[in-house]
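The structure appears right after this line, and notes come after that.
Since the structure is predicted, the reported quantities are computational estimates derived from the model, not experimental observations. Each chain gets a letter, A, B and so on, in the order its sequence line appears, and its residues count up from 1.
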Protein chains: 2
Amino acid sequence: MGMNNNRVEHFDCYDQQQFQTIIKIQQQPDIAMEIHKVELPPQRTTLHKLKQRLSEIFFPDDPFYRFKNQSCFMKFILGLQYLFPIFQWAPQYNFHLLRSDAISGLTIASLAIPQGISYAKLANLPPIVGLYSSFVPPLIYSLLGSSKHLGVGPVSIASLVMGSMLSESVSFTQDPILYLKLAFTATFFAGVFQASLGLLRLGFVIDFLSKATLVGFMAGAAVIVSLQQLKGLLGIVHFTTKMQIVPVLISVFKQRDEWSWQTIVMGFGFLAFLLTTRHISLKKPKLFWVSAAAPLASVILSTILVFLVRNKTHKIAIIGNLPKGLNPPSSNMLYFNGPFLALAMKTGLVTGILSLTEGIAVGRTFAALKNYQVDGNKEMMAIGLMNIAGSCSSCYVTTGSFSRSAVNYNAGAQTTVSNIIMASAVLVTLLFLMPLFHYTPNVVLAAIIITAVIGLIDYQAAFKLLKVDKLDFLACMCSFFGVLFISVPVGLGIAVAISVFKILLHVTRPNILVLGNIPGTQIFHNVNQYKEASRVPSFLILGVESPIYFANSTYLQERILRWVREEEEHIKANNGSSLKCIILDMTAVTDIDTSGLDTLCELRKMLEKKLLKLVLANPVGNVMEKLHQSKNLDELGLKGIYLTVGEAVSDIASSWKAQP
Amino acid sequence: MGMNNNRVEHFDCYDQQQFQTIIKIQQQPDIAMEIHKVELPPQRTTLHKLKQRLSEIFFPDDPFYRFKNQSCFMKFILGLQYLFPIFQWAPQYNFHLLRSDAISGLTIASLAIPQGISYAKLANLPPIVGLYSSFVPPLIYSLLGSSKHLGVGPVSIASLVMGSMLSESVSFTQDPILYLKLAFTATFFAGVFQASLGLLRLGFVIDFLSKATLVGFMAGAAVIVSLQQLKGLLGIVHFTTKMQIVPVLISVFKQRDEWSWQTIVMGFGFLAFLLTTRHISLKKPKLFWVSAAAPLASVILSTILVFLVRNKTHKIAIIGNLPKGLNPPSSNMLYFNGPFLALAMKTGLVTGILSLTEGIAVGRTFAALKNYQVDGNKEMMAIGLMNIAGSCSSCYVTTGSFSRSAVNYNAGAQTTVSNIIMASAVLVTLLFLMPLFHYTPNVVLAAIIITAVIGLIDYQAAFKLLKVDKLDFLACMCSFFGVLFISVPVGLGIAVAISVFKILLHVTRPNILVLGNIPGTQIFHNVNQYKEASRVPSFLILGVESPIYFANSTYLQERILRWVREEEEHIKANNGSSLKCIILDMTAVTDIDTSGLDTLCELRKMLEKKLLKLVLANPVGNVMEKLHQSKNLDELGLKGIYLTVGEAVSDIASSWKAQP
């Protein structure tokens, strides 16, 4: 209702001048014979072009537009606000906001504590590291981050990947110190990588992980993680460190004698409980707190349960002693030379990219819901700096977590203060409550992890991909099976390669359309798509649907000559009027390189030998520029280039009429 | 004159129906208010689409069109002719053609013999292998090849690359047998690779070596080769086996005591002679035989000279004894297991691609001059099979050579029989004339090589690249310096990577144009390019110049929102009429993937929150299809999609007018 009113108001300020323009368009006279010249874009120097190109590549969002026409002092304030978004909202912060943030902060803390412990186990790290990681990074993020709803902490995917990549070379049980060192170092490199992507404004790198790739990757990772949890869920002691599906399944069934029924009963009980709460929250979003509180409830319940039966059975594995106290510094544990440096860097790179992708995507999702924008490059710097800081304070890779942010959003978080509240709750836990987790059984952590990752299997998205875009689906399946059967980096690599291949394929084998005139108009369109579009006799009008590059210039030349040959055969068979002119509609040819220019030139010569005229219609700005610079324009001549297909057809046809 | 007459004839058969169509277009009434529906392309099954897509990828030239509607016998004959083009022209072969072919065949033989010996030295192979390679492969090619003018034999680039790649691991002087084995094996793999590219119809792989890349690469290779020849030209005995410019130059100046003035005088004398003849032929193409005969003349002259002074000086290095007789079989020398197999395969791959690129390009060049077409995939099979055969008969990598083909063409070759004549001349040489080359000095071979490769430095092409396309020039320079300072495969790799990066960059950061109406027409064009194009108030019309993919969807969304923000600020500053509608011209959006679809959907929602309407104009067939499949079309609604920008503007504006 309110929206409608607004719209009407908008229409009221509709002014005179606008009507005039529109009426002019509508009342245009018969324009067919008026031929417009195709113009060159205004001349620009190479430096100017380079500057513009670079600013489009690195500063597409024009981050400095706020600084224009401001005093020095304002510039300083704005700069401070730009670097530390906390200064943007802190002056307006009030008790009302604090109350919302406190509620949501405490809610996510109840989720963050069991998640932290569980995910640390997923990365083969001591559970306490997961809690450390829920303390320092959220504090840093609340200073630097531009998203209001992002709940920061360890996430399943990055934990899994770090665990799997490091465990392939170093075992935590055999050399815990080295493993910890490598984990912190990988976190450091992940942070450096993320921050430098942001600093160098290369954020588009993460765009190359397409949604299709991520759907497959996440599903694969979820399956792997869930299967890995069978270790905890079945109470197996000796388990493979490999991550592929085959060795994991073999390991599960080989160690059947280690299965413990007490663990299994407890595990599946809590799993059923957690899945039910998850289902409830999915059905009724208002009951989000049911699934948010369930993990902590399970942890408390299972801990009490195990504490009660502690003298009767030792079959249920427990977390054991956890050290009390704050994050110890770990900058002295960073590992900068030695045989595993390459491993740490590689792990940092992969987990860095993955956690960045998740963090940015989650931030954008919730920002879109509340209609504000998240600056990708700034987010990268924030996430990167929080990981660098984390690596020096015994934290491993953290980012914006989807589950935590969803709970945060639903619980009514208003600013990143909710992250500070959560960190404070974690602080209290670290300082005073650690002994309470002594009897927490590992099996409940496994159940929490499974419940968390099961939501990552988005079969509906995969099904939609299959319906809409087969090649996207292929990329999705490749990353799914690649992760499942080979390894996380290889699976991701294959999927990215397929995505890039798809782009290249589209360029290498572009569509060529045959255009026809829609009767009664100047519009020319694909005769396959528009039944009423009719081909103009003596003309062959082709629309090239791609830039003309080295990668497709040979193909285009041969394919166009084949079109001409087929058209001539068709005319011969039907006794039609002979072909005289080929018009290339260049509207979709958004770029051309030197190979393409040569091809056009050669094509023109070859067609001339067949007594056919080649005419270009509507070349866009930079194509015109290049045609001009390469002297092709002079060869085409004034009558070789038209603004629209319609003008080309009517002008050329009337020139034939004029001739005897 | 004849051409003009022909044209007039063409115009005479201009028929009635055609005029009618054209007149209809010209006399169209005021069409502004007639709104056309955007249609979906006709429904096709996935299988049908896949079939069409695959046939475009693998059979763009429709090689089987000749077989349609033919009897079985004719199909057999046509098939035979397809596989062995010799059957196409052999029945019409006559004495007149033979005379032309004999003259050109003997002319290229006089070039082929010294070239064969020289290029074999370039590959660090015994000179006789170069002659062998000018005997068997041309015979095979004359059966299978579809180019009439291609002169087949060893070429400088492939010889250089093979020599440099093999010499890095194995030295000919230390282990000649192994080196020979590897050379033949690399030739074998090159042939297998080439033939399978042709068989699998993957010819477009070589298109990824763009002209810009090749210009840089060839120039770099030419510089390297010329510097390497300083060994022969200065008479140095101990020379580096490395190929980079720095060690070669160091080696030249370190071995100053080995410089021999006799060699230097002779070398520079012949070099001057050869360069002069080359210059004459370049200036007057009719005197092509001057440069064609010069190498043989130099060889004969220098051999006689050395023979005369043979007792006075031993400072001039000579070829020495060459075995008489035909190609010995070498299939027993192929090396299929052992530590150097990977090297042989890699060398085969690189030389295979390079020689293929040269062969195909040369074939196409001369075919275009005589207006016939060369079938790329068939040529690949021919070149591949001739190399496989060559590897079993003591030949190394051969292909169509530019210098030889040019001489062949100028000498009036009519069919590939000229290759047979050349092979026969080489046969006679092999059988009877080998002892005559005993005293041929190495220095004259060095001079021949330098003269041959100096033509590969095409600085004019590089200059044109600089003028027309800076990124192409960058790719060119990278391959030039990469070859010069690092190595041939790395240089090529960098250049290909830059070329692919350029395609990806265009997709990742596409242009967005602001369109305006050209007064008095329905045409909307870039306001930057067309000064008279005026923006329509209350509308923001943007043209996206690229397919919408995962790689650019985030960018496009943010960039479009920035356009909207800037437009609103501009309107506010100028008190214009407020923005109400964003029209996206989708003409150049030739493809869309699932990320792109999501982006469009999200963009529409975000604009709706700002009370702005998003409308698409002219989506092409497969974009419409995907919009439909993903249900985006239903959300956009009937009034959200128009055939042209003009119709969208007039319809939406009149709907505003109709509203209060």
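- In terms of heavy-atom pairs under 4.5 Å with chain A, the best-connected choice from R565(B), Q629(B), R559(B) is R565(B).
- Heavy-atom distances place no part of E625(B) under 4.5 Å from chain A, backbone and side chain included.
- Of the atoms belonging to K531(B), heavy atoms from both backbone and side chain fall under 4.5 Å from chain A.
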- List the steps and the verdict of side chain to side chain contact (heavy atoms under 4.5 Å, CB included) for N622(A) and N511(B). CA-CA 10 Å; N622(A) 53 357; N511(B) 267 341; 4.0 Å; yes
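- Nearest heavy atom pair, residue V468(B) against residue K626(A), reads O-CE, 3.6 Å.
- Taking CZ of F550(A) as the reference point, atom CD1 of I503(B) lies at 4.0 Å (rounded to 0.5 Å).
- A distance of 9.0 Å separates OG in S595(A) from CG in L214(B), rounded to the nearest 0.5 Å.
- Contacts of P510(B) with chain A are absent, with no heavy-atom separation under 4.5 Å from either backbone or side chain.
- The parts of Y530(B) that come within reach of chain A are both its backbone and its side chain, each placing non-hydrogen atoms under 4.5 angstrom from that chain.
- At a 4.5 Å heavy-atom cutoff, L50(B) makes no contact with chain A through either its backbone or its side chain.
- Interatomic distance, H506(B) NE2 to T590(A) OG1, rounded to the nearest 0.5 Å: 3.0 Å.
- Ranked by non-hydrogen atom pairs under 4.5 Å with chain B, the options N618(A), I518(A), D593(A), T587(A) are led by D593(A).
- Chosen from L504(A), T644(A), L643(A), the residue pairing most often with chain B at heavy-atom distances under 4.5 Å is L643(A).
- When heavy atoms are compared at a cutoff of 4.5 Å, V507(B) approaches chain A solely by way of its side chain, counted from C-beta outward.
- Counting heavy-atom pairs closer than 4.5 Å to chain B, the top-ranked of the candidates E566(A), E569(A), R562(A), M624(A) is R562(A).
- Interface remark: S499(B) contributes backbone and side-chain atoms alike to the contact with chain A (heavy atom separation under 4.5 Å).
- Residue H628(B) does not touch chain A at all, counting heavy-atom pairs closer than 4.5 Å.
- For the atom pair D591(B) CG and E545(A) CD, the distance stands at 8.5 Å (nearest 0.5 Å).
- Rounding to the nearest 0.5 angstrom, the gap separating the OG1 atom in T521(A) from the CD atom in Q522(B) is 9.5 Å.
- Heavy-atom pairs under 4.5 Å with chain B peak, among L561(A), V589(A), T508(A), N526(A), at T508(A).
- Contacts of S630(B) with chain A are made by both backbone and side-chain atoms, with heavy-atom separations under 4.5 Å.
- In this structure, D472(B) contributes its side chain and T594(A) its backbone to a donor-acceptor pair below 3.5 Å.
- Neither the backbone nor the side chain of K605(A) comes within contact range of chain B; no heavy atoms are under 4.5 Å apart.
- In terms of heavy-atom pairs under 4.5 Å with chain A, the best-connected choice from T213(B), L513(B), L505(B), I592(B) is L505(B).
- Nearest heavy-atom pair across V620(B) and Q529(A) is C-OE1, 3.8 Å.
- For the pair K631(B) and K467(A), the minimum side-chain heavy-atom distance is below 4.5 Å.
- Of the two parts of K464(B), only the side chain, counted from C-beta on, holds a non-hydrogen atom closer than 4.5 Å to a non-hydrogen atom of chain A.
- One distance of note links OG1 of T554(A) with CZ of R364(B); it measures 5.0 Å at 0.5 Å rounding.
- Neither the backbone nor the side chain of N552(B) comes within less than 4.5 Å of any heavy atom in chain A.
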